[in-house]
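Notes follow the structure.
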Amino acid sequence: MALRGVWQLKKLRVSYCDWGGSSRGIRAFMESELPTFKEKNPQLEVVTELIRGQHPHLKGFYKNKNERVVCVKNMTPEDILLYATRLRNALGRKVVKLKTRHVTKHPSVQGTWTTDVKF
């Protein structure tokens with residue numbers, strides 16, 4: 001996703017094994033889907049990395065120095081393309097857990113509204 005017109009994902013590393021059965025889908029992805037993905041995203045540096053004996057994964061490097069890793073073990077090429085697109089569209093920010101369900105700048109003095117009315 002672009003933040004102020006600048007794509008946040010700098011580099012996408014595709015790691016796979018040339019022998020393992022769990023990398024079958026990513027090898028098919030590299031033959032069929034990866035060239036068109038590179039062509040549609042010229043701002044993105046796509047690197048393939050051969051790691052023998054390891055499960056395949058996608059690793060995204062963002063401009064704010066964050067990294068995201070997605071395991072693509074035993075997935076189809078279409079699913080891997082979906083995850084690569086999700087990595088491209090993400091801003092690379094860390095996920096922040098909210099402390100309350102309702103977030104507001106001016107909390108109510110009376111408390112939060114509920115459907116349970118007790119008389």
Side-chain angles (χ1 to χ4, degrees):
M1 184 173 186
L3 181 67
R4 297 186 187 100
V6 179
W7 287 98
Q8 295 302 301
L9 184 64
K10 291 190 305 189
K11 183 178 177 181
L12 180 69
R13 182 184 298 161
V14 180
S15 301
Y16 68 101
C17 175
D18 61 345
W19 179 78
S22 64
S23 295
R24 186 179 308 123
I26 201 157
R27 289 192 299 263
F29 167 76
M30 288 171 46
E31 292 176 2
S32 61
E33 307 285 339
L34 191 61
T36 57
F37 185 76
K38 280 184 183 180
E39 199 174 283
K40 289 182 181 178
N41 301 294
Q43 80 281 359
L44 184 60
E45 177 188 354
V46 180
V47 178
T48 59
E49 179 182 31
L50 176 65
I51 302 177
R52 289 180 161 247
Q54 300 290 324
H55 291 301
H57 62 272
L58 301 174
K59 190 170 191 178
F61 298 92
Y62 293 91
K63 291 198 183 234
N64 57 1
K65 308 280 191 288
N66 285 339
E67 300 174 0
R68 284 195 181 177
V69 180
V70 178
C71 180
V72 290
K73 176 175 71 170
N74 296 326
M75 288 189 185
T76 62
E78 292 80 22
D79 292 339
I80 296 171
L81 179 63
L82 178 69
Y83 279 105
T85 307
R86 284 183 183 168
L87 282 176
R88 183 203 61 190
N89 291 342
L91 289 176
R93 294 179 179 159
K94 295 285 183 186
V95 177
V96 178
K97 184 177 180 183
L98 299 175
K99 293 184 169 104
T100 62
R101 292 183 301 163
H102 187 79
V103 177
T104 179
K105 290 183 181 178
H106 306 291
S108 173
V109 177
Q110 298 174 351
T112 57
W113 183 83
T114 62
T115 57
D116 298 332
V117 180
K118 298 187 180 186
F119 293 105

Subject >> Under 3.5 Å donor-acceptor, R27 side chain and C17 backbone >> reply: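 Flag set: sc R27 to bb C17 pair under 3.5 Å.
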**OP:** Determine yes or no for a side-chain-to-main-chain donor-acceptor pair under 3.5 angstrom, with Q8 supplying the side chain and V6 the backbone.
**Re:** yes
**OP:** Give a yes or no on whether W7 and L34 share a hydrophobic cluster (residues Ile, Leu, Val, Met, Phe, Trp, Tyr; joining criterion: side-chain heavy atoms under 4.5 Å apart).
**Re:** no
Original post:
Are V47 and Y62 linked, directly or through other ILVMFWY residues, by side chains that come within less than 4.5 angstrom of each other?
Top reply: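 No, no single cluster joins them.
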Subject >> Trace of the side chain to side chain contact (heavy atoms under 4.5 Å, CB included) decision for M30 with V14 >> reply: CA-CA 9 Å; M30 288 171 46; V14 180; 4.2 Å; yes
Subject >> Result of checking S15, S22, S23 against H55 for side chain to side chain donor-acceptor pair (under 3.5 Å) >> reply: S22
Subject >> Least distance between heavy atoms, G60 atom then L9 atom >> reply: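 Closest approach of G60 to L9, heavy atoms only: CA-CD1, 3.7 Å.
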Original post:
Which heavy atom of D18 sits nearest a heavy atom of R52, and at what distance?
Top reply: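 Distance-wise, the nearest heavy atoms are OD2-NH2, 2.9 Å.
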Between [atom1] on residue [X] and [atom2] on residue [Y], distance to nearest 0.5 Å:
X: R68; Y: L58; atom1: CZ; atom2: CG; answer: 13.0 Å
X: K73; Y: R24; atom1: NZ; atom2: CZ; answer: 13.5 Å
X: I26; Y: T76; atom1: CD1; atom2: OG1; answer: 11.5 Å

Original post:
Under 4.0 Å between a Lys/Arg side-chain N and an Asp/Glu carboxylate O for E67 and K59?
Top reply: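 Yes.
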Subject >> side chain to side chain contact (heavy atoms under 4.5 Å, CB included) between Y16 and T48, intermediate numbers included >> reply: CA-CA 8 Å; Y16 68 101; T48 59; 4.3 Å; yes
Counting only pairs under 3.5 Å, give me each side-chain donor-acceptor contact of residues 80-97, with atom names and distances, residues two or more places apart or in other chains.
| unit_1 | atom_1 | unit_2 | atom_2 | d |
| --- | --- | --- | --- | --- |
| T85 | OG1 | L81 | O | 2.7 |
| R88 | NH1 | N41 | OD1 | 2.9 |
| N89 | ND2 | T85 | O | 3.4 |

**OP:** Using the six-membered ring of F61, assess whether NZ or CZ of K11 lies under 6.0 Å from its centre and within 45 degrees of the ring axis.
**Re:** yes
